[in-house]
Structures are given as C-alpha cells and as structure tokens.
Amino acid sequence: MSYSFISPRDEKELKEEISAPGSFTMSGGTDLLVKIRMGKISPQKIVSTSKISTLHFIDENDDEIVIGSTITHAELLEYKPLREAFPVLFDAIYTIGSPQIRNRGTLVGNVMNASPAGDGLLALYLLDAKIEISNGDAVNIDEFVVSPGRTILPKGEYVKSIHIPKSKWDHHYFEKVGQRNSMTISIVSIGWLIKCGSEAIENLRIAFGSVAPTILRLKDVEKFSKGKKIDEKFVHVVSDMVKERVNPIDDVRGSAQYRKKLCSNLMYRMVEEGIKC
Amino acid sequence: MNVREERSVATSLSSDKNFDVVNTSVEKIDGYALVKGKPVFTDDFDVPDSLIVKILRSPHAHAIVKNVDASKALELSGVACVLTYKDVPRIAFTRAGQGYPEPSPYDTFVLDKKVRYVGDAVAIVAAESEEIARKALKLIKVEYDVLDNIIDYEHAMDENAPIIHDESEISGAYDPKHNIASHYEMHFGDVDEELSKCDVTTEKTFYTPNQSHAMMEPHAAISYFDANGRLTIITSTQVPYHVRRIIKRIFGVESRVIKPRIGGGFGGKQAVHVEAYVTAVTLKTGRPARCIYTRKETMTASNTRHAMRFKIRVGADKDANLRVIDMQGLSNTGAYGEHALTTFMVAGSKTLPLYNKVNAVRFMGDIVYTNTESAGAFRGYGAPQGAFALDCALDELAHKLGMDPVEFKLKNSIREGETSPVFKVMGEGREGVEQIVGSCKIEECAIEGAKLFNWHEKRERQRIEGTKAHGYGVAFAMQGSSIPAIDMGGATIKMNDDGTFNLMIGATDLGTGSDTILAQIAAEALHTSVGKFVVYSSDTDVTPFDKGAYASSTTYVSGNATKRAAERMAREILKAASEITGESVEKLHLENGKVISKSGKSLTYSEIQTQLFYTFKQRQLEVTESFVSEVSPPPYMVTFAEIEIDLETGKVDVMSMLNYVDCGTPINPLLARGQVEGASSQGIGMALYEEHIFDKNGRMVTDDFFTYKVPSRDDIKKITVKFADSYEPTGPFGAKSVSEIGLDTPGPVIANAIFDAVGIRVNRLPIKSEDLYFKLNERGLTP
Ligand SMILES: Cc1cc2nc3c(=O)[nH]c(=O)nc-3n(C[C@H](O)[C@H](O)[C@H](O)COP(=O)(O)OP(=O)(O)OC[C@H]3O[C@@H](n4cnc5c(N)ncnc54)[C@H](O)[C@@H]3O)c2cc1C
C-alpha cells in the first residue's frame with residue numbers, strides 16, 4: 001500500500017491531477033482514509049482539495065446558501081445563519097461523529113460517500129439541495145446519488161459546491177436511532193420538515209436513512225399529508241404507509257423487521273413533539 | 001429492620017485517621033507528562049536497528065497447519081526471518097500471568113501445528129520495516145486442513161464436538177477430551193432440601209457476554225540484547241515478573257523485563273502476549289525486535305472477558321430470610337484456558353460471601369474450550385458475571401416477597417465482625433482463607449445511598465408516561481483486596497542527600513495512579529510530601545518483586561509493602577539522627593521532612609543523609625520490605641440507577657447512577673473516584689453496547705471501534721460516587737481495593753431497573769434495543 005499525496009493550489013491543477021487513473025479526491029479524508037485502511041480501495045494518488053481557496057467559501061443570497069466543497073462540518077455549525085435558515089441540516093450535522101470528525105469531515109464528502117446512513121445527506125434530501133459539478137452541471141441530490149457509495153459524478157470531475165434553496169418551515173425534526181448515543185452508525189434515521197397552513201399541513205417532507213440503498217424521501221406520503229391535520233389518526237395512517245414503503249435489510253446493527261417497526265414508530269414523534277397543525 | 005425508617009448510620013472517625021498526605025487528592029505524578037505527550041509508552045522507546053515483527057494469523061477457527069511455505073517471503077529483500085512452529089521450543093505453557101505454579105492449564109505453545117481460533121498465530125515474521133513485514137506476510141503460503149469448530153460455548157460439550165486440545169503435552173486441564181478446561185464444585189448444606197423448605201424461590205438462567213478490554217494502548221513489546229548480552233524486554237505488561245518467569249520457561253533464557261508507563265490494561269495485560277514473539281526473533285537473529293499490535297490484533301487475538309451462563313436458584317422464607325443459593329455455571333475460556341478456573345471461582349467467591357446468612361450454598365460448573373479468542377483476566381475477573389445472576393435473582397425474590405430490594409438485600413448481607421464459610425472454601429484456584437470481616441459499611445452504603453438517590457420517593461413515581469418508561473434499580477456488590485496467602489509485593493526506599501527518596505516498586509501502574517498513591521502512602525509514613533518521592537516502577541533488574549497489577553491488590557498489597565518500607569526507613573532515620581545528635585530515639589520524632597527533638601533541635605533528611613554519605617558513620621539508608629496478606633478484605637458497594645426506556649425504539653438510557661462505596665480509606669479520593677467511574681462505564685458498556693459478533697466461520701466482525709461500541713461520554717450521563725466512612729484495620733492507612741468493584745453492579749442494576757420500569761426480566765447482556773423492543777411489543781407496551 002503506497003500512494004502519492006498531492007495538494008493542488010488551484011482548481012485547474014486539481015482537474016489535471018484527478019484525471020490520472022487511480023487518483024482519488026480527498027476533502028477531510030474521514031471516509032477515504034478509513035476505506036484505504038480497510039483495503040476497500042487502493043489509490044495510486046490522493047489529491048487533497050484542502051489548499052484550494054476557491055473551494056473554501058460559504059455564500060448566501062436571498063434564494064440560497066452555497067457551500068464550498070472544503071467547508072467542514074465544524075465550520076458549518078459555526079456559521080450562524082445556517083442554524084437559522086436550515087435547522088434540520090444543523091441538527092443532522094451536529095450528530096456526525098465526534099468533534100474530531102466534524103473538524104475534518106465535509107458535507108461534500110458526506111454526499112460523495114453516498115451512504116444510506118449519511119446524516120448530512122438526509123438533510124440535503126429534505127432540503128432539495130443541488131450539487132454543482134466542475135463541468136458546470138447542477139444536479140438534484142436525489143439524482144446525483146445512485147446507490148451505496150455511487151454517484152453520477154463523471155470521472156475526472158469534482159464537486160465544487162452544494163446549493164441549498166431557502167425555504168420556510170414551521171417544524172423540523174431529525175433523529176437517529178442507534179444502540180449508542182454518539183459516534184454511532186444509526187440503525188434508522190429520520191428527518192422531516194413541516195409547514196402548517198391555517199388548520200392543516202400545507203407542506204410536509206419526510207426522509208429516512210438506513211432503510212434503502214439510498215436516503216429515502218417518501219414523496220407519496222408527502223403528497224398524502226397535504227391538507228391533513230396532525231393528530232393520532234393521521235399519524236396512525238402515515239405510520240402504516242411508512243411501514244409499507246421502507247425496504248430495509250438485516251444486518252449486524254438491526255433486523256429488517258426492527259427497522260420497519262422503528263420507522264413507523266418514529267412517526268409518532270410528530271404527536272409527541274406537540275406539533276399542532 | 002426497615003430501611004424506610006428515619007435513621008442514619010453512625011459514623012465514627014478512627015483516631016488513626018488524621019492524615020496529612022493520605023486521603024487527599026494530590027495530582028497524579030505522571031499526569032503532566034501524559035497530557036504533554038511525553039514519550040512514556042513502550043512504542044515510544046527507540047531501540048536502534050530494530051526488526052519489525054508481524055504475526056501471520058489463522059483465517060480458520062480450527063485447522064491443522066499442514067505446510068508453511070515461506071520461501072517467497074524469505075526471498076524478499078529486508079526479511080530477516082520467518083519462524084514457524086518448527087523454529088520455536090515446543091514447551092507447553094499458559095499465557096496467564098499468575099503466581100507460580102499457575103492454576104491455569106499448560107495448553108499453549110508459542111506457535112503450534114494446530115490453530116484454534118481465527119487469529120491464532122501461525123508464523124512470526126521479522127523484517128527491516130513494517131512495509132516489508134506486511135508484504136512478507138502476504139507471500140507466505142499456508143496449507144490448512146480445516147477441522148470442524150465450536151463457536152457457541154453452549155455446544156462445547158456436545159457428543160460429537162471436535163476436540164480442541166488433543167496435544168499430548170497438555171497438563172493441568174480437567175478433561176480436554178471433552179473440551180473441559182476446568183471444573184469446579186463446592187457446596188455446604190443441602191441446596192435441594194433447603195429450596196424445598198423455602199416459601200418463595202426463583203430459578204433463572206443468566207448470560208453475560210465476552211467483552212474487549214479496549215485499552216487505549218495496544219499490546220506492545222521490544223526485545224534486545226544489552227551490551228553484555230543480557231536479554232532485555234520492554235513491554236506493556238501488568239505482570240513483569242511473571243513475564244520474566246514464563247519467558248524463562250519457554251526459551252530457557254534469563255531476562256530483564258522493563259515495564260514503562262502502560263496505557264491501560266484492565267486485565268488484558270495480565271498475560272504474555274507479544275513478549276514471546278519478539279524474544280523468539282531476538283534469540284534467532286541476535287537483533288532487537290519490536291512488535292506493536294494493531295487494534296484488530298488487540299481486539300481479536302489477545303484476550304476477552306469469559307462469557308458465562310449461570311443457572312441460579314435462590315430461596316427465602318416468608319420472613320425474607322435468604323436461605324439458599326445454588327449457582328450452576330458454564331464459562332467460555334475460548335481457545336486456551338487462561339484464567340479459566342480462577343475467573344469462574346471468583347464468580348462465586350466474590351459474590352456469595354456477601355449473603356452469609358444462608359443455610360446452603362452450591363456453586364459448580366465447567367469452563368469449556370471453544371474456537372474463539374482466548375478469554376483471560378478482565379477487571380472484575382468473574383465477579384461481574386456472578387453478580388449479574390445473583391443480584392438479579394435476589395431482586396426477583398424481593399419482588400416476589402413484595403419487599404423493597406434494598407431492604408431485602410441489606411437484611412441478608414454480611415456485617416462487620418462476621419464471616420462466611422465461602423471465604424475458607426473458595427480461594428484462587430484452590431482453598432481460600434478464613435477471615436473475619438474487619439470493615440464493612442454496607443449499611444451506610446445502602447441506607448445513606450437510598451436517601452441520596454431519593455430511592456423511596458422515586459419508587460412512588462409513575463413508571464410509564466407516554467412513550468417513555470422510567471425504572472429504578474439497586475445492586476449490591478463486593479470484591480476482594482488481593483489474593484491472600486499467595487500474592488506478594490515488595491517495595492524499596494532509598495534516601496538521597498538532597499532530601500528525596502527513591503521509591504522502587506514492582507507494582508505496575510497501568511493508569512490507575514498506583515505510582516501516585518504509593519508515594520502518598522510512603523510520604524505519610526515518612527512525614528514528608530509526595531514531591532519528595534521519585535517513583536520507579538517496574539524493572540525486574542532494579543525494583544523488588546511484585547506479583548503485578550491484578551486482583552485488586554496494588555493498594556492493599558503493594559501499599560502495605562510500601563508502608564512497611566517507609567516505616568522502617570523512618571526508624572532508620574530516627575536511629576541515624578539519634579547517633580548524630582546524641583539524643584535518644586524516644587526524644588525524637590519526624591515532622592515535615594525533618595527530625596525534631598524535644599530539645600527543639602532539628603535536622604533535615606537532607607542533612608542526615610549528607611552526613612551519612614561523607615562525614616559520619618557512612619552508609620546509604622535503604623530498606624526493602626515485602627507484604628503478603630493473610631486475608632483479602634472485600635470492599636463493598638451499593639449502586640442505585642435510574643434508567644429511561646424509549647418504548648418506541650426499545651433504547652435504554654442510564655440517566656443517573658449512584659455508587660456508594662466502602663473501600664476503606666480512599667488513599668486519593670479523586671483517583672479512587674476515577675476508578676469507580678471508569679469501572680461503571682465499562683460495566684455500562686458490557687450491559688448495553690459491547691458485543692462480539694462472529695461470522696459463520698468464527699471470525700470476529702466487531703474487530704475495531706467502528707463496530708465494537710464502548711460507551712461514549714453521551715452514554716454515561718451522570719455517575720455519582722460517594723465513599724463510606726470506613727477504615728480497614730489490615731489495610732495501609734485503612735485502605736481496601738477500589739479498582740474492580742465498580743464493574744460488578746452496572747449489569748444487574750440496569751436489568752433490575754428495566755424490570756422495575758416495565759416488568760420485563762432481562763437475562764442476557766448486552767441488552768440490545770431491538771430485543772427489548774420486541775419484548776415490550778409482546779407485552780403491548782409499544783405504540
Ligand atoms: C469515527 C467516524 C464517525 C463518523 N460518523 C458519521 C456520522 O455520524 N454520520 C455520517 O453521516 N457520517 C459519519 N462518518 C463518515 C464521514 O465522516 C462523513 O461522511 C464525512 O462527511 C465525510 O467527509 P470527508 O470530507 O471526510 O470525506 P472524504 O473522506 O475526504 O471523502 C469521501 C468521498 O468523497 C470523495 N470526495 C471528497 N471530496 C470530493 C470532491 N470535492 N469532489 C468529488 N469527490 C470528492 C472522496 O474521493 C471519497 O470518495 C464518520 C466517520 C468516522 C471516521
């Protein structure tokens with residue numbers, strides 16, 4: 001196991017370096033290095049983005065927040081407007097690993113890792129984020145991620161940034177259920193966003209982690225919820241819908257049956273959280 | 001006696017208890033070096049020209065090594081040697097670092113032609129660099145004859161089970177043809193008859209799991225010949241003297257074993273792991289050899305806690321007098337019988353005496369071989385396994401009697417001045433010693449603890465509210481302090497002309513703070529401060545013998561040795577001062593680093609030793625004392641815990657835990673608290689999170705910290721530690737042990753609290769959310 005390590009100074013150099021066969025782009029390395037150690041990948045070259053100043057930024061305008069690819073989780077948590085604009089993203093990132101991991105890991109790395117359990121990724125699904133690729137394309141997150149560990153990013157390209165459109169929500173929720181309380185890989189994770197009308201739900205978005213090959217947005221549940229009042233009866237119905245739609249597998253962290261139960265049970269958190277609309 | 005009555009436990013201060021240095025929380029003497037990252041650990045030693053040693057390990061759980069072809073590896077430039085079973089002495093030994101003769105069977109070879117678990121050593125590779133060594137590992141071709149295996153220890157004694165130890169050289173094992181490494185049984189009274197006379201009885205089977213020590217520093221050792229050709233081994237061990245003895249047994253060579261600072265052990269380093277491999281390389285090549293285990297090796301190829309199963313029967317009369325305890329056990333020692341018998345016996349000997357009023361006791365069972373990582377010593381050493389079964393069963397009995405479990409357990413537990421026949425019957429792999437309990441503040445622990453925890457008020461509360469259930473549990477525990485009549489520790493104190501002392505001890509500080517507390521003990525006896533002691537531990541060529549750090553013995557045994565040495569040094573100083581001043585010893589006393597006479601004159605220690613060096617009756621003041629105990633005074637503890645269960649997920653959180661501990665005088669209250677908190681955390685891990693998961697071939701899947709989950713800070717929440725006002729007459733300044741006992745209660749206290757919350761009796765650790773969820777679901781407690 002030996003490879004070279006390169007830190008390009010600008011994006012042009014980056015592009016050249018990553019076009020070579022066997023080269024891997026690295027942001028924080030918290031996924032990449034683990035994979036190397038486990039023998040899952042054996043790179044010939046690691047190309048770090050860390051010294052490229054044009055990738056290190058957070059931009060904000062009336063419509064969106066744009067997060068450069070080298071922004072770490074810790075930097076995002078410290079960026080005051082984030083909590084205000086996207087509390088669900090803040091909550092999700094806050095649960096990632098430990099302070100050490102958040103000091104190195106990036107949101108872009110979390111997206112590229114394309115784990116069905118990715119916490120930042122789940123929030124990005126809820127927020128309809130777009131991924132800006134170095135070839136100029138901007139792709140919706142749910143089209144960008146294909147399957148565990150796989151995205152549509154073309155070879156020789158890199159991710160420049162993540163665009164998150166601003167939207168107003170009255171309630172947000174994020175939870176991961178794991179055996180342990182932190183530094184844990186969740187058995188199931190859940191997030192939702194709710195906008196209330198005068199009497200009922202105006203808009204709802206809901207996503208689950210670790211229950212399908214990718215993060216799962218349940219768009220038909222979302223559609224069904226429009227105009228409904230949140231009460232025991234409603235939750236009962238959606239929790240049944242959820243149970244039918246999630247498709248988890250058995251693994252060492254939990255059985256499929258348990259995961260299904262968790263997903264439907266977690267819907268009751270809506271009532272417990274005292275959400276009225 | 002009703003614990004609900006307003007009563008307090010009288011506390012008395014013994015006159016001995018006016019301490020200057022002892023019973024104060026002085027700073028750890030090596031604390032700054034550690035936080036500054038100073039080179040203190042084995043891996044920090046740079047021995048020039050070292051070969052890097054790697055071990056080729058078996059991918060099979062049970063196989064015969066038919067052929068090892070190392071020719072390709074040896075062709076690789078930079079490979080110094082590849083050793084197989086043909087190249088190392090065929091001497092059966094035990095890796096267990098115990099007193100001699102060891103109560104563990106001799107069933108292990110440095111390398112063998114048979115491998116007995118995934119991870120067992122097949123070949124030793126030494127190369128100029130780690131990279132070359134790794135490459136060489138890949139180039140070795142091994143032909144295996146794969147055999148049937150046993151992964152589940154409940155099937156180890158099945159009729160057609162494969163025989164794991166069929167080697168002719170094995171000795172000390174009970175019945176290896178049936179995979180039984182050890183067997184033990186004892187009883188007094190007739191348990192069946194007593195049970196038949198009881199008004200209430202409980203019978204249940206309890207399971208405790210394997211557990212990894214998960215110490216921060218992995219196993220590591222370096223060996224080399226010094227300039228004079230003496231074999232020297234630097235190793236991260238809890239037992240340097242046992243290492244020296246075992247290396248001599250295997251290789252026939254004398255050696256010097258140096259133990260630097262250890263980065264945690266928890267019993268995992270009470271064994272010979274790496275030392276034999278590096279020694280084999282140094283003997284073969286003449287060159288220094290260094291081997292640092294990876295985390296994976298530390299997880300899968302060192303030691304684990306013995307998983308145990310206990311079928312327990314207990315019974316009481318209608319007046320809540322506990323009359324009988326019957327425990328029938330099965331313990332998994334894995335591939336080798338390290339600590340097999342003794343950990344099993346401790347499951348009884350460090351739990352049963354707590355309930356000394358019974359008419360009949362039986363404790364028996366088998367310790368079996370399986371094709372899994374060898375079990376070994378692990379903090380608690382069987383007591384947590386036994387305590388889980390016993391305390392949970394008593395909890396259930398109290399419930400059946402309609403009695404507060406605090407009251408029931410307290411009513412039936414041992415008191416100061418009493419004894420238990422178990423002390424005499426059960427020792428460490430043999431008979432024990434009779435002892436009268438000289439200090440036992442279990443009443444204070446239970447009664448004051450209940451008040452502090454708000455036990456009675458909390459038990460009035462609603463248990464299930466919405467989707468959360470709350471439960472309150474209590475567990476009682478005891479441990480020991482040292483292995484009596486077997487384990488010895490020594491201490492040497494040398495006085496210097498600058499007024500400092502060298503305190504040289506064989507005791508091994510593995511993070512516990514023993515270097516610090518031994519200095520406190522010496523400083524107390526010599527009427528000076530901790531800063532005046534230069535502590536050195538341990539180096540078999542320099543420091544006196546000590547059995548090592550295990551069996552909750554360092555404070556008690558090494559502490560008593562240190563106290564004796566310091567007291568003798570005090571007498572030597574007084575004698576010298578009397579000679580110098582011409583005043584009689586009776587007129588002199590020690591105070592604040594000086595000898596002071598009734599006439600008002602004073603001499604500093606520095607002045608005395610300077611005169612003794614250069615001008616007056618010249619000599620070096622130096623003393624060595626040893627200590628071996630006739631008894632093993634148990635510390636006691638009562639733990640209260642509140643848990644919360646999420647009924648929608650089955651997840652259990654330990655919201656708060658109160659440990660009320662009687663450890664005699666805590667020599668250093670802060671460090672003692674740290675020991676209890678640490679043990680509680682490890683116990684919470686064992687109870688809720690830590691699990692060895694195997695694939696179908698017997699490979700441990702949970703071989704790193706990604707998959708093997710020790711509790712994080714968020715899982716610990718609030719642990720409170722309170723010390724009872726206690727003084728052990730045989731202990732150094734009244735001290736007993738405190739390092740292991742904290743691990744005995746988390747399992748039962750959490751299980752008891754779950755029962756209190758939802759009426760479900762969990763009988764298997766770790767308690768997994770998923771399993772609990774489905775049990776809750778069966779009872780209709782989930783949404
Ligand atoms: C101890 C530990 C705990 C963890 N806990 C969590 C957790 O709780 N929740 C969670 O979701 N994750 C967790 N992770 C996973 C990981 O930390 C996150 O996924 C993190 O966000 C990855 O970011 P990174 O910058 O370190 O990625 P890297 O490791 O640098 O990269 C990840 C992948 O992205 C690619 N990549 C990186 N940058 C770019 C780019 N600019 N363009 C294209 N491809 C790129 C890499 O080639 C690699 O394939 C944990 C990891 C560890 C080690």
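By convention in this document, chain letters (A, B, ...) are assigned in the order of the sequence lines, proteins followed by strands, and residues within each chain are numbered from 1.
With a threshold of 4.5 angstrom between heavy atoms, Ser255(A) approaches chain B through its backbone and through its side chain. Within the 4.5 angstrom heavy-atom criterion, atoms from both the backbone and the side chain of Val252(A) approach chain B. For Ser769(B), the parts lying under 4.5 angstrom from a heavy atom of chain A are both the backbone and the side chain. Within the 4.5 angstrom heavy-atom criterion, no atom of Lys296(B) approaches chain A. Looking at Ile767(B), only its backbone comes within 4.5 Å of chain A, counting heavy atoms on both sides. For a residue to count as touching a neighbouring chain, one of its non-hydrogen atoms must lie under 4.5 Å from one of that chain's; by this rule Val710(B) touches chain A with backbone and side chain alike.
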Given Arg253(A) and Glu770(B), is the salt bridge (charged side-chain N to carboxylate O under 4.0 Å, His left out) satisfied, shown in steps?
CA-CA 9 Å; Arg253(A) 280 172 282 134; Glu770(B) 173 164 353; over 6 Å; no
Pair Arg259(A)-Asp251(A), salt bridge (charged side-chain N to carboxylate O under 4.0 Å, His left out): steps then yes or no:
CA-CA 10 Å; Arg259(A) 290 192 152 106; Asp251(A) 72 11; 3.3 Å; yes
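Cation-pi contact between Arg102(A) and Tyr94(A): present, with separation from the ring centre below 6.0 Å and deviation from the ring axis of at most 45°. Cation-pi geometry between Arg764(B) and Tyr207(B) is met: the NZ or CZ atom falls under 6.0 Å from the ring centre, inside 45° of the normal. For the pair Arg83(A) and Phe90(A), the cation-pi test (distance below 6.0 Å, angle within 45°) is passed.
Among Leu266(A), Leu262(A), Val188(A), Ile187(A), the residue making the largest number of heavy-atom pairs under 4.5 Å with chain B is Leu262(A).
Here the straight-line distance linking atom CE of Met299(B) with atom OG1 of Thr304(B) works out to 8.5 Å at 0.5 Å rounding. To the nearest 0.5 Å, atoms NE2 (His470(B)) and CD (Glu465(B)) are separated by 7.0 Å.
Every residue two or more places apart in sequence or in another chain that forms a side chain to side chain donor-acceptor pair (under 3.5 Å) with Arg57(B) is listed here: Tyr293(B), Glu297(B).
Contacts of residues 268-277 of chain A with chain B at a heavy-atom distance below 4.5 Å involve Tyr268(A), Arg269(A), Glu272(A), listed in sequence order.
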